[in-house]
Q: 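One structure coming up, written as structure tokens, with questions to follow.
Just so it is clear, the structure is predicted and the values come from calculations on it, not from any experiment.
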Amino acid sequence: MATTKKKSTKKKTTTKRRTTRVQTSTDLERHVNAPGRADLVKKVRQKINKLGITYIYYQFVSVTGRIVGKGIPADHWERNAERGFQLVYGSTANLFIDRHSNYIGYGPEASELVGIPDPETFVQLPWDKRVARVFCTCFRNREERVNPGGHLTSDCRGNLRIIHEEFQAKHNMHLRAGTEPEMMWLKKDAEGKITGGVTKPNCYHIDQFEELRPAFIKAIEYSQAMGLDMIQGDHEDAPGQLELNIMFDDVLRNSDRLTTYRQVCAQVGRELGLHACFMSKPFMGVSASGCHHNLSLWSGGRDVVNRLHHKDLPGMEGAFTYRVDGKNHFMPDPKIDPVKPGPVGLQSIGGVIEHLGALTSIGSSTVNSYRRLWDTGFWAPVFADWGYQNRTCALRVSAPGRFEYRSVDSMVNPYLMGAALLKAFDDGISRNIDPGEPEERNIYEAMEAGKQVKRLPMNLGEALDRLAKDDVIRSSMPDEMFKVYHHYKNDEWERFNHTVTDWDIDTYMDCLP
């Protein structure tokens with residue numbers, strides 16, 4: 001009897017342990033053991049050996065869109081692919097302290113995150129072919145007492161992936177995005193100080209475009225080598241201002257490519273002795289640098305490798321892959337209206353219009369962003385309305401099958417913007433929000449004729465207040481992400497308000513007696 005009882009107890013204990021192991025499988029473990037990932041890890045090793053890679057940047061993106069991470073010799077690829085690297089939680093907030101000397105988000109007592117590389121994003125750096133980069137997903141430390149190995153909710157890239165997957169499961173549609181990043185090439189003096197733009201503010205002038213040829217040709221070459229399909233470019237109407245556009249794609253890959261493009265421009269600037277400026281409004285009296293988002297919802301389609309000029313890809317296929325074909329749910333229904341977007345498109349526009357106030361805190365994310373909105377006469381979108389080819393509205397139907405979200409500038413964090421837009425779309429579709437009729441008049445003329453139109457928030461503080469009160473858009477920043485973002489940006493607003501500027505001195509120094 002004793003022997004039988006002992007065997008029975010042992011068997012039950014074993015069963016219990018197995019059940020516990022399944023129940024405690026973490027987000028980190030599921031990510032590392034995802035189907036097909038082991039094969040991708042092996043293929044990265046083959047690329048490392050073939051390309052002669054000796055060093056890898058393991059990178060993720062902070063709350064402000066800054067690229068952070070670690071550099072690790074390529075010899076350690078397999079170990080890092082399985083175990084990841086560790087970095088302080090506060091790196092997701094740029095390890096920044098507020099004006100009261102408190103760390104934003106996480107203090108020095110916090111654990112360290114675990115960054116797990118996503119092998120499909122591995123690609124060689126064309127300016128130093130000994131080095132490669134790979135994007136990472138961030139998780140809570142394995143030893144945390146609460147939710148060990150869980151998704152780190154202050155990881156904006158990981159959040160976008162999760163929110164997009166949830167949207168696809170609910171609506172059987174996915175978001176494709178194309179961004180139009182404007183930026184300025186600025187000159188520097190011998191001491192490294194900015195001395196103005198390289199070119200004159202002459203919009204679309206080929207002569208000024210030619211003046212920047214050394215910069216944009218090198219930027220295009222580097223971008224193509226890293227998987228970006230560059231489709232067009234032009235000189236815009238600010239000093240040294242260029243817009244180089246990338247083919248639209250799945251919203252996560254598009255965000256990765258915009259991030260990569262910024263890295264490329266920074267490197268070109270280093271090589272040419274120029275400053276690649278993504279600040280929204282460095283000069284008054286000329287246009288700011290926007291980053292319009294062209295958006296559409298699709299079902300179906302297939303991923304294809306765009307090989308560009310390469311016989312042998314200098315990285316994994318995932319970095320060179322684009323989603324094509326499928327059904328575009330923003331296309332007009334000819335039975336209803338040959339021009340107006342279809343029902344899903346209208347509902348999505350309705351969702352964005354409904355939440356424009358909170359969305360503005362993400363699309364116009366800096367104090368300087370609102371210089372763009374206040375410097376009137378340069379087509380800045382300050383009104384919560386939509387129309388066809390109407391650049392005075394926050395949204396315009398720029399072509400059949402897509403609409404352009406205009407209330408976003410070049411300082412945007414595309415991962416936060418993508419997640420927030422998905423939540424706005426979801427709300428518009430779920431509640432069947434009617435955006436109203438499109439405004440085909442110049443919005444200023446429409447207002448003079450008596451139309452009542454709401455304005456966007458006109459400073460960062462107001463926009464952050466709108467975000468705090470909008471549960472739908474706040475849900476795109478789950479848990480710690482909202483706390484980090486709101487703390488970081490509210491501190492920026494407070495710093496501005498308690499700073500004496502040159503304008504203050506010029507305006508008030510001699511105002512009395």
Side-chain angles (χ1 to χ4, degrees), residues 63-64 156 163 280-281 288 290-293 295 346-376 379-387 390-396 403-409 411-431 433-436 438-439 443-444 446-447 451-478 481-483 485-494 496-497:
V63 67
T64 62
C156 56
I163 289 170
S280 176
K281 190 78 171 178
C291 188
H292 301 152
H293 282 41
L295 308 163
L346 291 175
Q347 293 163 351
S348 298
I349 292 173
V352 173
I353 295 291
E354 177 87 359
H355 299 286
L356 262 176
L359 289 169
T360 302
S361 71
I362 302 168
S364 300
S365 61
T366 70
V367 169
N368 178 257
S369 297
Y370 296 85
R371 306 287 186 265
R372 173 178 178 244
L373 302 185
W374 278 102
D375 198 3
T376 58
W379 296 354
V382 297
F383 297 105
D385 206 345
W386 74 285
N390 192 339
R391 291 172 174 83
T392 61
C393 297
L395 287 84
R396 74 181 181 108
F403 74 80
E404 180 183 80
Y405 179 57
R406 297 174 51 75
S407 185
V408 55
D409 65 43
M411 288 291 287
V412 68
N413 180 330
Y415 304 96
L416 294 183
M417 192 79 258
L421 286 166
L422 281 165
K423 289 295 185 179
F425 287 179
D426 172 61
D427 193 44
I429 295 169
S430 299
R431 295 170 51 209
I433 298 177
D434 182 0
E439 182 53 71
I443 197 71
Y444 298 99
M447 292 170 65
K451 182 172 183 176
Q452 299 295 314
V453 182
K454 292 181 179 180
R455 292 174 71 95
L456 273 62
M458 295 300 288
N459 62 60
L460 181 59
E462 181 186 350
L464 290 171
D465 288 343
R466 299 281 288 275
L467 173 63
K469 297 173 183 176
D470 191 320
D471 291 339
V472 170
I473 304 305
R474 274 190 61 170
S475 69
S476 71
M477 299 180 180
M481 174 55 79
F482 175 75
K483 298 174 185 177
Y485 186 79
H486 201 271
H487 187 175
Y488 197 110
K489 288 299 170 180
N490 196 62
D491 177 70
E492 181 179 332
W493 176 240
E494 289 180 1
F496 169 72
N497 283 319

Q: Do R396 and F403 touch side chain to side chain, with heavy atoms closer than 4.5 Å?
A: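 Counting from C-beta outward, R396 and F403 never come under 4.5 Å.
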
Q: Calculate, to the nearest 0.5 Å, the distance between atoms NE2 and OG belonging to H293 and S407 respectively.
A: 11.0 Å

Q: Given the rule in the side-chain contact (heavy atoms from CB on, under 4.5 Å) test, do M481 and L416 qualify, once you have shown the distances and angles that lead to the verdict?
A: CA-CA 10 Å; M481 174 55 79; L416 294 183; 4.0 Å; yes

Q: Quick one: list whatever passes salt bridge (Lys or Arg N to Asp or Glu O under 4.0 Å) with D427, sequence neighbours left out.
A: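 D427: salt bridge (Lys or Arg N to Asp or Glu O under 4.0 Å) contacts with R431.
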
Q: Any side-chain heavy atom of M411 sitting closer than 4.5 Å to one from N368?
A: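 No - every pair of side-chain heavy atoms lies 4.5 Å or more apart.
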
Q: Can a donor-acceptor pair be found, under 3.5 Å and without considering hydrogens, that links the side chain of Y370 to the backbone of S364?
A: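 Present.
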
Q: When you look at Y405 and L359, which way does the side-chain contact (heavy atoms from CB on, under 4.5 Å) test go after all the steps?
A: CA-CA 10 Å; Y405 179 57; L359 289 169; 3.4 Å; yes

Q: Check whether any side-chain heavy atom of S369 lies under 4.5 Å from a side-chain heavy atom of L460, and answer yes or no.
A: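 With C-beta onward as the side chain, the pair stays apart.
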
Q: Can you name the closest pair of heavy atoms from R371 and F496 and give their distance?
A: NH2-CE1, 3.4 Å

Q: I need the S365 OG to N413 CG distance, nearest 0.5 Å.
A: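 It comes to 8.0 Å.
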
Q: Measuring from S476:OG to Y485:OH, what's the distance to the nearest 0.5 Å?
A: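 S476 atom OG to Y485 atom OH measures 9.5 Å (nearest 0.5 Å).
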
Q: Where is the tightest heavy-atom contact between I353 and A384, given as atom of each residue plus distance?
A: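 Taking I353 first and A384 second, the nearest heavy atoms are CD1-C, 4.1 Å.
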
Q: Decide yes or no for I362 and I473: does some side-chain heavy atom of the first lie under 4.5 Å from some side-chain heavy atom of the second?
A: yes

Q: Indicate the atoms forming the closest heavy-atom contact of G357 with P457, along with that distance.
A: O-CG, 3.6 Å

Q: Over all heavy atoms of both residues, which pair between A288 and S280 is shortest? Give the atoms and the distance, please.
A: CB-O, 3.1 Å

Q: Specify the closest pair of heavy atoms between L356 and A394, including all atoms of both residues, with the distance to one decimal.
A: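 In this case the closest contact between L356 and A394 is CD1-CB, 3.8 Å.
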
Q: Sequence neighbours left out, what pairs pass side chain to side chain donor-acceptor pair (under 3.5 Å) with at least one residue falling in residues 459-474?
A: H355-D470

Q: To the nearest 0.5 Å, how far apart are CD1 in I349 and CG in L395?
A: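 Those atoms lie 6.5 Å apart.
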
Q: Rounded to the nearest 0.5 Å, how far does OG1 of T366 lie from CG of D409?
A: 5.5 Å

Q: Can W386 and L346 be said to form a side-chain contact (heavy atoms from CB on, under 4.5 Å), step by step?
A: CA-CA 10 Å; W386 74 285; L346 291 175; 3.8 Å; yes

Q: Could you tell me if the side chain of I429 sits less than 4.5 Å from the side chain of S348, heavy atoms only?
A: yes

Q: Can you tell me how far the NZ atom of K489 sits from the CG atom of L464, to the nearest 0.5 Å?
A: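 That separation rounds to 8.5 Å.
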
Q: Closest approach of R372 and R406, non-hydrogen atoms and distance?
A: NH2-O, 3.1 Å

Q: Which of these passes side-chain contact (heavy atoms from CB on, under 4.5 Å) with N490: H487, H486, E492?
A: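 By the side-chain contact (heavy atoms from CB on, under 4.5 Å) criterion, N490 pairs with just one of H487, H486, E492: H486.
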
Q: Could you give me the CA-CA distance, side-chain angles and deciding distance for K454 and F383, then say whether side-chain contact (heavy atoms from CB on, under 4.5 Å) is met?
A: CA-CA 6 Å; K454 292 181 179 180; F383 297 105; over 6 Å; no

